[in-house]
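A note on names: the letters A, B, ... follow the listed sequences, proteins ahead of strands, and every chain is numbered from 1. Note: hydrogens, waters and symmetry copies are ignored here, and every other heavy atom, side chains too, is used.
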2 protein chains.
Amino acid sequence: MIAAFYQNKDKHYVAVDCIIMGFRDNELHILIAKRPFEPLLGGWSLMGGFVNEFESINDAAKRVLDEFTGIEDIYMEQVGAFGDVNRDLVRVISIAYYALVDIEKFDTSLAEKYDARWAKITQLPELIFDHSLMVKNTLNLLQRRAAVKPIGFNLLQEQFTLPTLQSLYESIYQEAIDKRNFRKKILAMDILEKLDEKDKSSSRKGAFYYRFIKEKYDQLIQQGLHFSI
Amino acid sequence: MIAAFYQNKDKHYVAVDCIIMGFRDNELHILIAKRPFEPLLGGWSLMGGFVNEFESINDAAKRVLDEFTGIEDIYMEQVGAFGDVNRDLVRVISIAYYALVDIEKFDTSLAEKYDARWAKITQLPELIFDHSLMVKNTLNLLQRRAAVKPIGFNLLQEQFTLPTLQSLYESIYQEAIDKRNFRKKILAMDILEKLDEKDKSSSRKGAFYYRFIKEKYDQLIQQGLHFSI
DNA sequence: TCAAAAGTGTTAGTGTTACACCCATGA
DNA sequence: TCATGGGTGTAACACTAACACTTTTGA
């Protein structure tokens with residue numbers, strides 16, 4: 001019988017915790033919620049949930065992401081498993097995922113429902129358990145990923161200006177980038193389409209909108225392009 | 001009561017699977033074992049074990065590594081969690097770790113005990129479940145890590161020659177490296193100590209032994225050195 | 001003396017960094 | 001007209017990649 005081999009093994013609670021990132025006011029933000037119950041009532045935490053018996057861990061993460069943002073089809077990637085015995089109040093193994101969302105699509109009614117808010121990554125409060133560590137590892141991973149994959153666009157709306165795109169990367173890497181070098185590099189890849197419209201919300205002159213052309217990117221990758229910022 | 005919150009949640013078997021890597025005959029090898037029981041009797045698999053109730057997932061990995069190699073204090077890093085519902089015969093969530101060992105320290109009696117063997121990474125047989133995927137992800141991760149961290153030395157003995165070190169990196173990246181450029185780069189970092197002794201096992205002239213000086217590396221890192229191959 | 005692997009520098013080219021001024025616009 | 005952020009090119013420098021011959025030694 002198959003089950004015999006597993007019979008005497010311990011079983012564990014397994015959770016997913018999501019580092020949901022958005023971009024607003026030229027800064028990365030993370031969605032955090034105030035814990036509504038004891039113990040640690042009022043402590044800030046990431047968005048999480050338990051993995052169900054007939055659900056893959058990826059599906060669990062997608063479910064949690066949808067539940068707390070109201071957005072489906074979110075870009076996400078696993079950060080890793082966190083399994084210290086005492087990381088939670090009872091023994092729970094948690095698998096962290098980070099997600100990149102267009103903050104404009106966020107269902108703000110959920111913020112009230114879960115007592116959640118978008119916190120600037122530079123001004124995060126202390127989080128419960130090992131959630132601060134999860135965020136730290138995520139930022140690390142994001143910095144490595146964003147340098148070689150065009151995932152940053154997931155944080156922006158369909159149309160965005162180059163100044164906005166640049167400030168996004170500046171926020172990810174926490175450092176200033178030279179305007180001319182940045183433009184040269186991103187435009188040289190030839191994966192953006194310049195639109196006719198301008199965004200005049202942050203200057204009188206206005207900045208042209210651009211659009212990421214995924215099809216072109218995919219095609220160029222086939223031909224050996226290496227995305228790099 | 002604390003437990004109330006968790007009460008109705010599902011529990012899961014959680015395993016660790018280890019991608020144990022060694023270097024021999026100028027090639028990366030992975031330790032795999034023949035499954036000694038049905039179903040899938042005789043199928044090749046990675047080294048694994050279940051996570052116990054009062055054991056962190058890292059400790060579980062260390063336990064498994066020691067059990068199958070006879071070596072303590074092994075360099076290891078988590079690859080990630082694998083949690084498809086049907087990845088195993090029953091629902092098991094597995095956390096993969098890769099480990100880099102000095103293959104000379106391997107307790108060969110364990111190879112018989114577990115019907116294990118070191119398989120060349122270029123000639124791996126098909127593995128059971130999602131183990132081949134785990135290896136693929138590991139190789140990816142290793143390539144990224146080895147380029148910026150001096151972890152390759154964990155695969156070698158205390159003393160090694162530059163030709164050996166080079167062939168190690170050639171095996172990791174599956175591509176030839178220019179001898180002169182490689183030496184220039186690695187020696188420029190000034191983290192190796194040249195010894196007086198030569199290894200004459202692979203040439204009449206003999207190649208000088210070198211040693212990685214961890215203390216010096218740590219010190220230089222403080223001063224802003226970036227390891228890079 | 002020869003075969004076989006170890007060891008050694010230079011150059012061209014590519015990519016990266018640093019840097020300053022004009023433009024368009026609304027108030 | 002002026003204040004503000006958007007937009008543009010070039011030159012020095014650093015790094016990378018390409019490349020061939022000499023040395024040592026045991027058989």
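Taking atom CG of A:Leu165 as the reference point, atom P of D:dG6 lies 13 Å away to the nearest angstrom.
Between the side chain of A:Gln78 and the main chain of B:Ala81, a donor-acceptor pair closer than 3.5 Å is present. The backbone N or O of B:Gln143 lies less than 3.5 Å from a partner atom in the side chain of B:Tyr173, making a donor-acceptor pair.
Residues from residues 188-208 of chain A lying near DNA chain D, meaning a heavy-atom separation below 4.0 Å, are A:Ser202, A:Ser203, A:Arg204, A:Lys205, A:Gly206, A:Ala207, A:Phe208 in numerical order. Residues from residues 177-185 of chain B that place a heavy atom under 4.0 Å from any atom of DNA chain C, listed by number: B:Lys179, B:Arg180, B:Arg183, B:Lys184.
A cation-pi contact links B:Lys194 to B:Phe208, judged by a cut-off of 6.0 Å to the six-membered ring centre and 45° from its axis.
Contact check on B:Asp178 versus B:Lys184 returns no salt bridge, with no Lys/Arg side-chain nitrogen under 4.0 Å from an Asp/Glu carboxylate oxygen. Under the 4.0 Å criterion applied to side-chain N and carboxylate O atoms, A:Lys62 and A:Asp66 are not assigned as salt-bridge partners.
A donor and an acceptor atom, one from each side chain of A:Asp196 and A:Tyr209, are nowhere located under 3.5 Å apart.
Protein chain B contacts DNA chain C over a range whose 5' and 3' limits, counting nucleotides with an atom under 4.0 angstrom from a non-hydrogen atom, are C:dA3 to C:dT10.
To the nearest 0.5 angstrom, B:Tyr98 atom OH is 3.5 Å from B:Ile151 atom CD1. The distance from atom CE of A:Met21 to atom CG of A:Leu100, rounded to the nearest 0.5 Å, is 7.0 Å.
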| task | Please lay out, stage by stage, how A:Asp107 and A:Ser109 fare under the test side chain to side chain donor-acceptor pair (under 3.5 Å). | result | CA-CA 5 Å; A:Asp107 179 347; A:Ser109 72; 2.7 Å; yes
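Paired with B:Asn26 under the rule side-chain hydrogen bond (donor to acceptor under 3.5 Å, both in side chains), one option of B:Ser167, B:Ser202, B:Ser171 passes, and it is B:Ser167.
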